[in-house]
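Positions are given from 1 along the sequence. Hydrogens, waters and symmetry mates are skipped; everything else that's a heavy atom, side chains included, is used.
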Amino acid sequence: MKAVIQRVSESSVTIDGTVRGEIGPGFLVLLGVAEDDTEADSDILAKKVANLRIFEDEEGKMNKSLLDCSYDCLVISQFTLLSDSKKGNRPSFIAAARPEKAIPLYERFMDQLKDNGVRNVEHGEFGADMKVRLLNDGPVTILLDSTTWIRRDPA
């Protein structure tokens, strides 16, 4: 599971001209689910995101988390994070999970954010044509990959 975390002053997602999710300060999370991802990937990544300390403390150091600041999170499914452009110029998305696997893990990730104490989790719609707006704060952008913490059995 891959996530692009952007620290934002505000962010929203619009679908068919209607705002479906909107937050003030917090994280915009672009989430990609891989075919070999499991519930463990979702759980560990959600815990990492909830506790990621990239907000400034009183001394101006990145030392506070979403939880410390009581900030919100907007989660957008984005299978293109699993793209592979090794051959040619047209990306392959074969590593991305099919919807029947990806949707439950996407939803679990959001539930786990809440279970880890994130007060408000907004989201888009899986597979929809979404317009995502953000005001990046910093800018601060962090890339996370659950395979960093979870070993895969070589099969």
Side-chain angles (χ1 to χ4, degrees), residues 1-55 62 65-66 71-114 116 118 120-155:
M1 194 171 276
K2 293 184 179 183
V4 174
I5 313 323
Q6 295 186 309
R7 187 178 77 182
V8 297
S9 297
E10 60 186 56
S11 186
S12 66
V13 59
T14 301
I15 302 169
D16 295 329
T18 302
V19 175
R20 294 287 290 273
E22 186 172 30
I23 64 168
F27 289 164
L28 168 63
V29 178
L30 306 175
L31 185 71
V33 180
E35 189 57 44
D36 62 349
D37 285 338
T38 66
E39 290 181 348
D41 291 272
S42 178
D43 297 353
I44 198 164
L45 194 59
K47 184 174 182 179
K48 185 62 111 172
V49 169
N51 291 285
L52 192 62
R53 299 183 320 171
I54 61 172
F55 293 100
M62 287 198 291
S65 69
L66 281 175
Y71 287 162
D72 301 330
C73 194
L74 174 62
V75 181
I76 304 296
S77 63
Q78 189 163 356
F79 76 93
T80 59
L81 290 177
L82 283 296
S83 69
D84 181 355
S85 299
K86 291 177 189 160
K87 295 181 181 178
N89 294 316
R90 184 173 182 219
S92 168
F93 302 105
I94 198 164
R98 304 282 310 148
E100 54 272 8
K101 178 169 188 171
I103 292 171
L105 289 176
Y106 167 67
E107 291 173 350
R108 182 180 180 94
F109 175 80
M110 293 185 291
D111 288 342
Q112 287 297 312
L113 285 173
K114 293 174 191 171
N116 278 283
V118 178
N120 182 38
V121 179
E122 298 283 322
H123 57 88
E125 181 181 321
F126 191 93
D129 180 16
M130 297 177 275
K131 307 301 180 207
V132 180
R133 184 182 59 80
L134 71 137
L135 181 57
N136 199 317
D137 179 18
V140 175
T141 302
I142 306 290
L143 305 173
L144 297 177
D145 187 332
S146 63
T147 60
T148 303
W149 306 285
I150 297 177
R151 280 213 134 134
R152 302 279 188 234
D153 290 331

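L113 has its side chain within reach of V121: a pair of non-hydrogen atoms, C-beta onward, lies under 4.5 Å apart. Between S77 and M130, some side-chain heavy-atom pair lies under the 4.5 Å cut-off. When side chains are defined from C-beta on, L144 counts as touching I5, because their heavy atoms get closer than 4.5 Å. The closest side-chain heavy-atom distance from E122 to D72 is not below 4.5 Å. For the pair E10 and E22, the minimum side-chain heavy-atom distance is 4.5 Å or more. D84 places none of its side-chain heavy atoms less than 4.5 Å from the side chain of I94. Within the 4.5 Å cutoff, the side chain of P91 has heavy atoms near those of the S85 side chain. V29 places a side-chain heavy atom less than 4.5 Å from the side chain of V49.
No donor-acceptor pair under 3.5 Å is formed between the side chain of S146 and the backbone N or O of D41. Using a distance-only test at 3.5 Å, with no hydrogens or angles considered, a donor-acceptor pair links the side chain of N136 to the main chain of V140. Judged by distance alone, with hydrogens and angles left aside, the side-chain atoms of S11 form a donor-acceptor pair with the main-chain N or O of R133 at under 3.5 Å. In this structure, Y106 contributes its side chain and V75 its backbone to a donor-acceptor pair below 3.5 Å. With hydrogens and angles disregarded, no donor-acceptor distance shorter than 3.5 Å links the side chain of R7 to the backbone of P139. N51 contributes no side-chain N or O that, together with a main-chain N or O of K48, makes up a donor-acceptor pair within less than 3.5 Å. The main-chain N or O of M1 is found under 3.5 Å from a side-chain atom of D37 such that the two form a donor-acceptor pair. The closest donor-acceptor contact from the side chain of S83 to the backbone of T80 lies under 3.5 Å.
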Exercise. Go through the steps to decide whether V118 and C73 satisfy the test side-chain contact (heavy atoms from CB on, under 4.5 Å), and finish with yes or no.
Key: CA-CA 8 Å; V118 178; C73 194; 4.1 Å; yes
Practice problem: With side-chain hydrogen bond (donor to acceptor under 3.5 Å, both in side chains) as the test, would you mind laying out the steps for D16 and T18 before giving the verdict? | Solution: CA-CA 6 Å; D16 295 329; T18 302; over 6 Å; no
Practice problem: Tell me, with the steps shown, if V132 and L28 meet side-chain contact (heavy atoms from CB on, under 4.5 Å). | Solution: CA-CA 9 Å; V132 180; L28 168 63; 3.9 Å; yes
Exercise. May I have the step-by-step check of side-chain contact (heavy atoms from CB on, under 4.5 Å) for F79 and V33, ending in yes or no?
Key: CA-CA 7 Å; F79 76 93; V33 180; over 6 Å; no
Self-check item: Chi angles and distances behind the side-chain contact (heavy atoms from CB on, under 4.5 Å) call for V8, D137
Solution: CA-CA 5 Å; V8 297; D137 179 18; 5.6 Å; no
Practice problem: List the steps, then state whether salt bridge (charged side-chain N to carboxylate O under 4.0 Å, His left out) holds for E35 with R98. | Solution: CA-CA 7 Å; E35 189 57 44; R98 304 282 310 148; over 6 Å; no
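Between E125 and R20 there is a salt bridge, with a side-chain nitrogen of the basic residue lying less than 4.0 Å from a carboxylate oxygen of the acidic one.
Under a cut-off of 6.0 angstrom, the local environment of CZ in R53 is sparse, with at most 12 non-hydrogen atoms contributed by other residues, nucleotides or ligands. More than 12 heavy-atom neighbours from other residues, nucleotides or ligands sit within 6.0 angstrom of NZ on K101.
Between F55 and F27, the ring planes are parallel. Angles under 30° get that label, and only those over 60° would be called perpendicular.
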